[in-house]
Amino acid sequence: MSKIEQFLSGKLQERRDNLSIRNLSTNIPPVDFCSNDYLGFARSGELKKIIDDTLASMADYLNGAGGSRLLSGNTKFTEETEQFIADFHLTESGLIFNSGYDANVGLLSSIPQRGDTIITDELIHASIIDGCRLSHATRYKFIHNDINDLENKLKLAKGNIFVVVESVYSMDGDIAPLIDVANLCQRYQANLIVDEAHATGVFGANGRGLINQLNLTSKVFARIVTFGKALGVHGAIVLGSKNLRHYLINFARSFIYTTAAPIHNVAAVKSAYQYLNKIDHQLIHQKIALFRKALKEQKINALDSESAIQGILFSSNEATKLAATTLQSKGFDVRAILSPTVALGKERLRICLHTFNTDEEIISLVNHLKELN
């Protein structure tokens, strides 16, 4: 075995030894409490019909990918869709990226410069961490959702200052104190960047997100909205000023040096936004309330969350994996979130609630959770 193969094998064995090895699987239990498809869009026949009708009306565009948007990959329809989404979120402009990862990396790696400062919540998403690492700016992190610690870091900041948070955190499901963060950024002349991946579709009028719900649009420099969660499709958009959009077109490497998404992907995104106007936005919150009420009745200790993401903590990777395996054998698709994805001692079952989960399924899941505690 070559030296590099020995290295690969050794690192994989370390993961096996601490029970954190990841594997792909197509064996998926039937009752979904795992996916980010909070509104059921990914399985919606009605949304599929809207997409099909949209595609049928734009036959001249039906081509596959052919190049970056700066070369042959741009279309009038894509630019119209970007403005349609920006208008929906009550902001000036937007630029579509091929994924939320690409959007965060492109934004954070291109705008902060040497001598500037980036301050992120300690639980920020990996894509934001990677974007920050590609920047030459000084980087600090503050204690999760701790306004006092954020202010301490702001006092150390120099140059252009960027504060980056998620409105809803992907592993804990809790909500950032956005009003306090925005006010603090205003006081210290910092630029606020908010990832709305897990708030879009769930919070705000017609699913516009928490920034709109809290009337903070004018206090946010940039928002990242991803399409692969509640919208059930794929891609992402960075929302902000026209100046920001034009800057990213010129300097965001993850936008410039990648092939544009095919037009049918953009059509699916626009269709999903149109479908947002047709659904009952209270239904997902009714499911969340039912789950939380059942947990309380069964005296099950869970992370505090008003979102569709719910967490049940366990003491180790081994205990968490055993709990997940037990639930999966009962037909529930619940996954273990292990260290190092989360901090050691914070391993948990990450339970995602959906509009298509029946009340009976939710109550049954909680009853089985009670048996594991």
Side-chain angles (χ1 to χ4, degrees), residues 94-172 174-178 181-182 184-186 188-199 211 219-226 228-229 235-241 243-245 247-258 339-343 346:
L95 185 68
I96 287 177
F97 285 74
N98 285 355
S99 71
Y101 188 97
D102 286 337
N104 280 325
V105 167
L107 178 68
L108 273 302
S109 66
S110 66
I111 296 181
Q113 304 293 305
R114 195 180 303 277
D116 292 339
T117 306
I118 305 171
I119 306 172
T120 68
D121 188 287
E122 65 179 344
L123 298 187
I124 207 75
H125 192 266
S127 59
I128 294 173
I129 294 171
D130 289 354
C132 293
R133 286 173 174 167
L134 291 170
S135 166
H136 294 292
T138 300
R139 302 189 296 277
Y140 299 111
K141 61 183 178 180
F142 65 95
I143 297 169
H144 179 53
N145 281 349
D146 189 316
I147 291 296
N148 292 329
D149 195 42
L150 171 57
E151 184 164 19
N152 289 337
K153 300 303 189 297
L154 282 165
K155 291 175 180 176
L156 302 174
K158 297 178 181 179
N160 288 316
I161 306 167
F162 302 89
V163 172
V164 193
V165 299
E166 296 177 45
S167 51
V168 175
Y169 283 88
S170 60
M171 288 296 122
D172 285 30
D174 57 344
I175 295 171
L178 290 169
V181 171
L184 202 56
C185 286
Q186 201 166 40
Y188 283 87
Q189 296 184 311
N191 301 284
L192 178 56
I193 297 173
V194 181
D195 187 326
E196 288 254 77
H198 295 278
I211 295 303
K219 295 185 176 182
V220 175
F221 167 66
R223 267 180 289 174
I224 303 93
V225 171
T226 59
K229 276 70 176 180
I237 191 167
V238 175
L239 298 170
S241 67
N243 236 12
L244 172 60
R245 181 180 188 274
Y247 183 95
L248 293 172
I249 289 170
N250 280 273
F251 293 100
R253 293 167 70 88
S254 61
F255 174 84
I256 298 166
Y257 299 109
T258 191
S339 58
T341 299
V342 292
K346 297 287 187 179

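Numbers here simply count residues along the sequence, with the first being 1.
- Side-chain atoms of N104 do not come within 3.5 Å of backbone N or O of Y101 as any donor-acceptor pair.
- For Y140, the side chain to side chain donor-acceptor pair (under 3.5 Å) criterion is met by no residue, not counting sequence neighbours.
- No side-chain heavy atom of L123 sits under 4.5 Å from any side-chain heavy atom of M171.
- Nearest heavy atom pair, residue S110 against residue G106, reads OG-O, 2.7 Å.
- With rounding to the nearest 0.5 angstrom, the NZ atom of K141 is 11.0 Å from the CG atom of D149.
- Taking the ring-ring contact (aromatic ring centres under 6.0 Å, His included) definition, one finds that H136 meets it with nothing, sequence neighbours left out.
- Around the NZ atom of K153, the shell of radius 6.0 Å holds more than 12 heavy atoms that belong to other residues, nucleotides or ligands.
- Residues T120 and I129 are not in side-chain contact: their nearest non-hydrogen atoms beyond the backbone lie 4.5 Å or more apart.
- Within the 4.5 Å cutoff, no side-chain heavy atoms of S135 are placed close to those of L108.
- What you find for L107 and I193 is that their closest heavy atoms are CD2-CG2, 3.8 Å.
- Using a 4.5 Å heavy-atom threshold, the side chains of I147 and P177 count as touching.
- For T341, the side chain to side chain donor-acceptor pair (under 3.5 Å) partners two or more places apart in sequence, or in a different chain, are R22.
- A distance of 11.5 Å separates CG in L154 from CD in Q189, rounded to the nearest 0.5 Å.
- Taking CG from D195 and OG from S127, the interatomic distance works out to 6.0 Å, rounded to the nearest 0.5 Å.
- At a threshold of 4.5 Å between non-hydrogen side-chain atoms, the residues L192 and K219 do not count as touching.
- Between V194 and E166, the closest heavy-atom pair is CG1-C, 4.4 Å.
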Audit row: N152, L150, side-chain contact (heavy atoms from CB on, under 4.5 Å) steps and yes/no
CA-CA 5 Å; N152 289 337; L150 171 57; over 6 Å; no
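- Scored by the ring-ring contact (aromatic ring centres under 6.0 Å, His included) test, Y169 finds H144 as partners (sequence neighbours excluded).
- Under the 4.5 Å side-chain criterion, counting only non-hydrogen atoms from C-beta, I211 is not in contact with S167.
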One pair to check against side-chain contact (heavy atoms from CB on, under 4.5 Å): E122 and I143. What are the steps and the verdict?
CA-CA 6 Å; E122 65 179 344; I143 297 169; 3.9 Å; yes
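- In plain terms, the two heavy atoms of A199 and V168 that are nearest each other are CB-CG2, 3.9 Å.
- Here the shortest heavy-atom pairing between S170 and H125 reads OG-CD2, 4.1 Å.
- Interatomic distance, CZ of R139 versus CD1 of I119, reported as 13.0 Å (0.5 Å rounding).
- No donor-acceptor pair under 3.5 Å is formed between the side chain of N191 and the backbone N or O of F162.
- Between the T117 side chain and the K158 main chain, a donor and an acceptor come within less than 3.5 Å of each other.
- L244 is listed as a side-chain neighbour of L248, based on a closest heavy-atom distance under 4.5 Å.
- Not one N or O on the side chain of D102 forms a donor-acceptor pair closer than 3.5 Å with the backbone of F97.
- Here the CZ atom belonging to R253 is positioned 8.0 Å from the OG atom belonging to S109, to the nearest 0.5 angstrom.
- A distance of 8.5 Å separates CD1 of I237 from CZ of R245, quoted to the nearest 0.5 Å.
- Applying the side chain to side chain donor-acceptor pair (under 3.5 Å) criterion to T226, with sequence neighbours excluded, gives no partner residue.
- Under the rule for a ring-ring contact (aromatic ring centres under 6.0 Å, His included), Y188 has no partner lying at least two apart in sequence or in another chain.
- Summarising the geometry of I175 relative to N145, their closest heavy-atom pair is O-ND2, 3.4 Å, with the distance given to 0.1 Å.
- At least one side-chain heavy atom of I118 sits under 4.5 Å from a side-chain heavy atom of V164.
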